[in-house]
Amino acid sequence: MKKKRRSREFKNSSKVIDMEQARTERIEKRREMREEEELKQAQSVERRNKRMRALKKKQSRRRLFTAAVALALIVLMVFSMVGIIKLKTKEHEMLKEQEQLKQEKIEKEKELKDSNETDNIEDEARSKLKLIKPGETVYIPEDESHYE
C-alpha cells in the first residue's frame, strides 16, 4: 500500500528529489535522534546518580545516628555497672560490719549475764572500787600503778 501511495505522490508532484540530499537529510535526522537518545540517557544517569547520592547521604546519617545511640547505651551501661560494683562493695562492707556488731552484741550479752552473778560483782567491787569485806585487811603496795 505504501508503495502505491508514494508513487502517486511522486506522480502528482513535480518536485525532483536529489538522492544525495535525501541521504544526508536522513543521516542528519538519525544523528539528531541518536543525540536526543544519548541526552535522555545522560539525563537518566544523572537522575539516578542524584538519587544514589541522596540515598547514600541518608544511609550515612542513619549510620551516624545508630552509632551515637549505641555509644550512648554503652556509656549508660558502663556507668550502671560502676554503680552496681560500688553498691556490691558497700554491701560486702556492711555485711562484715554487721557480723562484727553481732559478735560484739554476743560478747556484751555474755558480759551482762556474767556481771549479774554475785562472784563477778564482788570481784569488780574489790578491783575497781577497792572495797573490802568486814574483818579483812588491805595491803597497799608503795607503787600502786605497777600492779594495775
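Computed from heavy atoms alone, side chains included, the values below leave out hydrogens, waters and symmetry copies.
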**Request:** Return each pair, listed once, that meets salt bridge (charged side-chain N to carboxylate O under 4.0 Å, His left out) where at least one residue sits in residues 40-51; pairs must be two or more places apart or across chains.
**Result:**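 Qualifying pairs: E46-R53.
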[atom1]/[X] to [atom2]/[Y] distance, rounded to the nearest 0.5 angstrom?
| X | Y | atom1 | atom2 | answer |
| --- | --- | --- | --- | --- |
| E91 | K88 | CD | NZ | 5.0 Å |
| I27 | R34 | CD1 | CZ | 9.0 Å |
| D18 | E25 | CG | CD | 9.0 Å |
| Q59 | R63 | CD | CZ | 5.5 Å |

Among residues at least two apart in sequence or on other chains, which ones pass salt bridge (charged side-chain N to carboxylate O under 4.0 Å, His left out) with [X]?
| X | value |
| --- | --- |
| E28 | R31 |
| E136 | R126 |
| R23 | E20 |

Between side-chain atoms of residues 71-80 and protein atoms elsewhere (two or more places apart, or another chain), which donor-acceptor pairs fall under 3.5 Å?
| unit_1 | atom_1 | unit_2 | atom_2 | d |
| --- | --- | --- | --- | --- |
| S80 | OG | L76 | O | 2.9 |

**Partners meeting side-chain hydrogen bond (donor to acceptor under 3.5 Å, both in side chains) with Q100 (sequence neighbours left out)** = none
**Message:** E104: which residues meet the side-chain hydrogen bond (donor to acceptor under 3.5 Å, both in side chains) condition with it, sequence neighbours left out?
**Reply:**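 Result, side-chain hydrogen bond (donor to acceptor under 3.5 Å, both in side chains) vs E104: none returned.
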Residues in side chain to side chain contact (heavy atoms under 4.5 Å, CB included) contact with [X], at least two apart in sequence or another chain:
| X | value |
| --- | --- |
| E36 | none |
| K90 | M94 |
| K58 | R62 |
| E93 | T89 |

**Prompt:** Pick one: which of E97, K105, Q103, Q98 meets side-chain contact (heavy atoms from CB on, under 4.5 Å) with L101?
**Reply:** E97
